[in-house]
Amino acid sequence: MTTKLDILAVGAHPDDVELCVGGTLALEARKGRRIGILHLTSGEAGTRGSAEQRRSEAERAAEILGAAHVEFLDFGDGAFRTGEAEEEALIECLRRLRPELVLSPTPADRHPDHARAHALVRDAAFYAGLARRGMGEPYRPAAVFSYMQHHHFEPSFLVDVSETWDTKIEAIEAYESQLYTPGGDNEGPQTKISTPEFRASIDGRGAHFGLLINVGFAEPFWSPTPLAVADPMWLLPGGIR
Ligand SMILES: [Zn+2]
């Protein structure tokens with residue numbers, strides 16, 4: 001039986017999670033928290049690299065971030081399916097892995113797979129808590145927060161990931177087939193994600209959100225509900241002291 005997770009980060013495609021929450025996951029793993037990564041597809045519709053290659057890259061990236069668990073589902077990259085069968089598969093995962101916190105794709109995005117994946121994760125997290133839905137012991141994660149992809153939202157909170165930014169970049173660079181890597185072969189058809197400009201934009205976005213809270217790099221999150229805090233002093237710049 002799989003040991004209970006603290007955090008499960010769910011992505012529509014391999015590399016989504018690393019790009020958006022790699023710093024946060026590495027930070028939490030360093031604190032001893034049990035991190036899981038669930039890729040809802042193997043990225044088989046991607047322009048560069050085979051699904052098999054992306055799977056092994058995803059496993060390597062998870063290892064770099066310090067994840068305790070990595071798993072793949074097959075919901076159809078580029079024609080992302082969301083129906084009862086996909087909900088059931090996700091409910092089974094949530095009941096088996098029992099994460100306290102789920103990190104989900106963005107609510108609205110240029111890539112239809114991302115917004116569909118958001119709705120699927122949100123719904124499955126709710127249904128997983130209902131006794132009359134599906135097999136297994138009912139379990140509902142305490143919260144589902146969204147990370148930022150192409151579409152910008154007003155963040156509910158920012159996580160200072162300055163100390164794990166290098167680890168995040170290392171995890172992203174594990175996806176050799178997808179991204180521009182300085183010194184890499186960079187062969188194959190060019191996609192937006194494979195350009196040096198995209199690579200620079202990762203640092204740019206992290207630095208932009210970092211600047212808003214006076215740190216080097218930060219990752220933005222959105223919560224659908226107001227956030228409860230036991231002590232407002234935790235919300236002072238610099239966070240918990
Ligand atoms: Zn994606």
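The figures that follow rest on heavy atoms only: side chains count, while hydrogens, waters and symmetry mates do not. For reference, positions follow the sequence shown, starting with 1.
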Self-check item: Trace of the side chain to side chain contact (heavy atoms under 4.5 Å, CB included) decision for Thr82 with Arg116
Solution: CA-CA 7 Å; Thr82 56; Arg116 287 182 196 178; 3.9 Å; yes
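- Under a hydrophobic clustering in which Ile, Leu, Val, Met, Phe, Trp and Tyr are joined whenever their side-chain heavy atoms come within less than 4.5 Å, directly or via other members, Ile37 and Leu27 fall into the same cluster.
- Here the side chains of Val121 and Pro105 are in contact, with some heavy-atom distance below 4.5 Å.
- Scanning all heavy atoms of the two residues, the minimum distance from Ala117 to Ala12 falls at CB-CB, 4.0 Å.
- With sequence neighbours left out, Ser146 forms a side chain to side chain donor-acceptor pair (under 3.5 Å) with Ser104, His118.
- Salt bridge absent: Glu57 and Arg60 never bring a charged side-chain N and a carboxylate O closer than 4.0 Å.
- With sequence neighbours excluded, the residues that form a ring pair (Phe, Tyr, Trp, His ring centres under 6.0 Å) with His114 are His13, His111.
- Taking each heavy atom of Asp109 and Ala115 in turn, the nearest pair found is N-CB, 4.1 Å.
- One side chain, Ser42 or Arg55, offers a donor N or O that lies under 3.5 Å from an acceptor on the other.
- Annotation: side chain to side chain contact (heavy atoms under 4.5 Å, CB included) contacts of Glu84 (sequence neighbours excluded): Glu88, Arg133.
- The hydrophobic clustering, which links ILVMFWY residues whose side-chain heavy atoms are closer than 4.5 Å, places Leu212 and Phe153 together.
- Between the side chain of Tyr175 and the backbone N or O of Ala61 there is no donor-acceptor pair closer than 3.5 Å.
- Taking Phe209 as the reference, nothing meets the ring pair (Phe, Tyr, Trp, His ring centres under 6.0 Å) condition, with sequence neighbours excluded.
- Contact detail for Arg95 and Gly134: the closest heavy-atom pair is NH1-C, 3.6 Å.
- For the pair Lys4 and Glu100, the minimum side-chain heavy-atom distance is below 4.5 Å.
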Quiz item: Can you check side chain to side chain contact (heavy atoms under 4.5 Å, CB included) on His39 and Asp15, steps first, answer last?
Solution: CA-CA 9 Å; His39 301 290; Asp15 80 20; over 6 Å; no
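- For Arg140, there are no salt bridge (charged side-chain N to carboxylate O under 4.0 Å, His left out) partners at least two apart in sequence or on another chain.
- Put simply, the side chain of Glu87 reaches to within 4.5 Å of the side chain of Leu120, judged on heavy atoms.
- Taking SG of Cys20 as the start and CD1 of Ile172 as the end, the distance is 8.5 Å to the nearest 0.5 Å.
- Proximity of Leu40 to Val10: side-chain heavy atoms (C-beta onward) are separated by under 4.5 Å at one or more points.
- Ring to ring, Phe221 and Phe145 are not that close: their centroids are 6.0 angstrom or more apart.
- Applying the salt bridge (charged side-chain N to carboxylate O under 4.0 Å, His left out) rule to pairs touching residues 202-218 yields Arg199-Asp203, sequence neighbours excluded.
- Put simply, Leu211 and Phe157 are part of two different groups of oily side chains (I, L, V, M, F, W, Y) that touch within less than 4.5 Å, one to the next.
- Atom OG1 in Thr41 sits 9.5 Å away from atom CZ in Phe72 (nearest 0.5 Å).
- Glu219 is linked by a salt bridge (charged side-chain N to carboxylate O under 4.0 Å, His left out) to Lys168, counting only residues two or more places apart in sequence or in another chain.
- Counting only residues at least two apart or in different chains, salt bridge (charged side-chain N to carboxylate O under 4.0 Å, His left out) contacts with residues 153-164 comprise Arg30-Glu163.
- Judged as a salt bridge (charged side-chain N to carboxylate O under 4.0 Å, His left out), and not counting sequence neighbours, the contacts of Glu71 are Arg96.
- Taking CD1 from Ile64 and CG from Leu25, the interatomic distance works out to 13.0 Å, rounded to the nearest 0.5 Å.
- Closest approach of Gly36 and Leu5 over heavy atoms only: CA-CD1, 3.7 Å.
- Put simply, CD on Glu28 and CG on Leu101 are 8.5 Å apart, with the number rounded to the nearest 0.5 Å.
- When the side chains of ILVMFWY residues are joined at heavy-atom separations under 4.5 Å, either directly or via intervening members, Val17 and Phe198 end up in a single hydrophobic cluster.
- Rounding to the nearest 0.5 Å gives a distance of 5.5 Å between CG of Leu8 and CG of Leu38.
- A side-chain contact (heavy atoms from CB on, under 4.5 Å) with Val102 is found for exactly one of Leu94, Leu90, Leu97, namely Leu94.
- Linking ILVMFWY residues whenever their side-chain heavy atoms come closer than 4.5 Å, directly or via other members, places Leu73 and Val144 in the same cluster.
- Every residue was checked against the ring pair (Phe, Tyr, Trp, His ring centres under 6.0 Å) condition with Phe126, not counting sequence neighbours, and none meets it.
- Every residue two or more places apart in sequence or in another chain was checked for a ring pair (Phe, Tyr, Trp, His ring centres under 6.0 Å) with Tyr147, and none qualifies.
- The pair Glu86-Arg81 counts as a salt bridge, with a side-chain nitrogen and a carboxylate oxygen less than 4.0 angstrom apart.
- What you find for Ala218 and Leu158 is that their closest heavy atoms are CB-CB, 4.3 Å.
- One finds the CG atom of Leu65 at 9.0 Å from the CD1 atom of Ile35 (value rounded to the nearest 0.5 Å).
- Residue pairs meeting the side-chain hydrogen bond (donor to acceptor under 3.5 Å, both in side chains) criterion with at least one partner in residues 120-130, sequence neighbours excluded, do not occur; the list is empty.
- Minimum interatomic distance between Val161 and Gly23 (heavy atoms only, all atoms of both residues): CG1-C, 3.4 Å.
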